[in-house]
Amino acid sequence: KLLNPVNYYSKYTILSITSTSSGYESTREYANGEKYANVEFFKEIRTLADWKSINDHNNQNYALMNDLTFYNNTSFYIANYSGTLEGNGFTIRDAKITTSGKRGIFDKFNGIMRNLTFENIEKTTDTPYSGVIGESTAYAVFNNVHVKDITITIPETSKQSTLYVGYIMYDSSISSL
């Protein structure tokens with residue numbers, strides 16, 4: 001029986017299993033790392049405060065429970081995320097990103113993102129490298145992720161002969177889209 005998890009991951013180490021049959025209880029012990037349970041738990045994201053808390057535990061799983069609007073808020077960035085983000089078909093919208101560098105809503109994304117839409121995102125940056133996600137590495141996976149009405153502005157003084165712009169992410173290394 002698993003109730004009220006404290007941590008929200010997709011894989012857990014099993015240290016023991018206890019079973020009862022005909023009044024007899026039996027426990028089997030396992031060495032750390034010997035047995036795993038592949039079960040996904042998600043911490044629910046309902047508010048901007050919930051969203052910001054991702055930075056406190058950026059390797060755990062989170063699930064959007066409604067649309068999120070970032071309008072008039074500038075502190076919604078997630079630094080380096082490596083868990084699973086389940087969008088549940090909801091939308092993150094109305095973000096205005098002003099940055100020097102690759103920063104997006106996520107600076108680096110190294111996890112799994114699925115069933116999510118980014119809408120009405122405006123980004124102004126002084127670098128020719130840009131996207132809603134700054135960078136994805138280490139086998140990141142994106143499944144059913146959409147962008148709609150994205151504007152990326154690079155001032156004339158920052159433009160180079162080549163621009164590296166991706167609507168979802170600027171830089172991807174071995175990611176699955």
Side-chain angles (χ1 to χ4, degrees), residues 1-14 35-99 102-125 129-152 165-177:
K1 194 184 253 190
L2 299 171
L3 300 172
N4 301 319
V6 175
N7 295 306
Y8 302 86
Y9 298 106
S10 298
K11 186 176 183 179
Y12 296 84
T13 300
I14 297 174
K35 280 278 192 215
Y36 294 97
N38 293 315
V39 177
E40 289 187 318
F41 288 106
F42 292 88
K43 184 172 184 180
E44 295 181 351
I45 301 294
R46 296 181 184 277
T47 66
L48 186 56
D50 293 341
W51 176 264
K52 291 177 186 179
S53 75
I54 293 174
N55 278 317
D56 297 333
H57 304 283
N58 59 2
N59 62 340
Q60 294 192 33
N61 298 338
Y62 295 89
L64 267 62
M65 304 310 289
N66 49 261
D67 292 343
L68 289 179
T69 300
F70 293 162
Y71 185 73
N72 285 336
N73 192 298
T74 58
S75 60
F76 50 77
Y77 303 108
I78 305 300
N80 187 4
Y81 185 73
S82 61
T84 296
L85 179 62
E86 172 59 60
N88 283 324
F90 292 110
T91 299
I92 293 175
R93 64 172 45 95
D94 299 331
K96 290 188 178 186
I97 304 165
T98 301
T99 182
K102 296 184 278 187
R103 171 180 263 180
I105 291 174
F106 292 88
D107 287 348
K108 274 191 178 179
F109 191 91
N110 299 312
I112 297 170
M113 182 184 296
R114 60 186 182 223
N115 305 316
L116 181 62
T117 298
F118 295 97
E119 182 178 338
N120 194 28
I121 309 296
E122 295 179 24
K123 182 171 181 182
T124 302
T125 182
Y129 312 100
S130 197
V132 172
I133 297 169
E135 180 179 354
S136 72
T137 59
Y139 305 96
V141 175
F142 299 87
N143 185 4
N144 197 29
V145 177
H146 307 274
V147 293
K148 181 178 177 183
D149 299 326
I150 305 298
T151 303
I152 298 175
V165 177
Y167 293 111
I168 292 179
M169 75 196 85
Y170 147 65
D171 185 21
S172 175
S173 175
I174 318 175
S175 292
S176 174
L177 291 173

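Inter-residue side-chain proximity for Arg93 and Asp67 is flagged as met; some heavy-atom pair is nearer than 4.5 Å. Counting heavy atoms from C-beta outward, Ile121 and Glu119 have side chains that stay 4.5 Å or more apart. By the 4.5 Å heavy-atom criterion applied to side chains, Phe118 and Val145 are counted as neighbours. Two residues are said to be in side-chain contact when any heavy atoms from C-beta on lie closer than 4.5 Å; Ile45 and Leu68 meet this criterion. In this structure, Ile133 and Phe142 have side chains that are in contact, with non-hydrogen atoms separated by less than 4.5 Å. Using a 4.5 Å heavy-atom cutoff, the side chains of Asn115 and Asn88 are not in contact. With contacts defined as side-chain heavy-atom distances shorter than 4.5 Å, the pair Ile92/Phe70 qualifies. Here the side chains of Leu85 and Ile112 are not in contact, with every heavy-atom distance at 4.5 Å or above.
A distance of 6.5 Å separates CE of Met65 from CZ of Phe90, quoted to the nearest 0.5 Å. Atom CG of Asn143 sits about 11.5 Å away from atom CG of Leu116, to the nearest 0.5 Å. The CZ atom of Phe76 sits 5.5 Å away from the CD1 atom of Ile105 when rounded to the nearest 0.5 Å. For the atom pair Thr117 OG1 and Asp149 CG, the distance stands at 11.5 Å (nearest 0.5 Å).
The aromatic ring centroids of Tyr81 and Phe109 lie less than 6.0 Å from each other. Aromatic rings of Phe106 and Tyr77 (six-membered ring for Trp) have centroids beyond the 6.0 Å cut-off, not under it.
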Full working for side-chain contact (heavy atoms from CB on, under 4.5 Å) between Tyr9 and Val39: CA-CA 8 Å; Tyr9 298 106; Val39 177; over 6 Å; no

Asn61 and Ser10: CA distance, side-chain angles, deciding distance, side-chain hydrogen bond (donor to acceptor under 3.5 Å, both in side chains) verdict: CA-CA 7 Å; Asn61 298 338; Ser10 298; 2.8 Å; yes

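Lys35 meets the side-chain contact (heavy atoms from CB on, under 4.5 Å) test with Ile14, Tyr30; sequence neighbours excluded.
A pairwise comparison of heavy atoms in Asp50 and Arg46 identifies OD2-N, 2.9 Å as the closest pair.
At least one test fails for Lys43 against the ring of Tyr62: distance under 6.0 Å to the centre or angle within 45° of the axis.
Classification of Arg114 and Glu40 as a salt-bridged pair holds, one side-chain N sitting under 4.0 Å from a carboxylate O.
Looking only at distances, a side-chain donor or acceptor of Asn55 sits under 3.5 Å from a matching main-chain atom of Ala79. Using a distance-only test at 3.5 Å, with no hydrogens or angles considered, no donor-acceptor pair links the side chain of Asp94 to the main chain of Thr69. Without hydrogens or angle criteria, Gln60 side chain to Tyr8 main chain gives a donor-acceptor distance under 3.5 Å.
Residue-environment remark: NZ (Lys96) stays at or below the threshold of 12 foreign heavy atoms within 6.0 Å.
Among Asn58, Asn110, Asn59, Asp107, the single residue meeting the side-chain hydrogen bond (donor to acceptor under 3.5 Å, both in side chains) criterion with Asn80 is Asn110.
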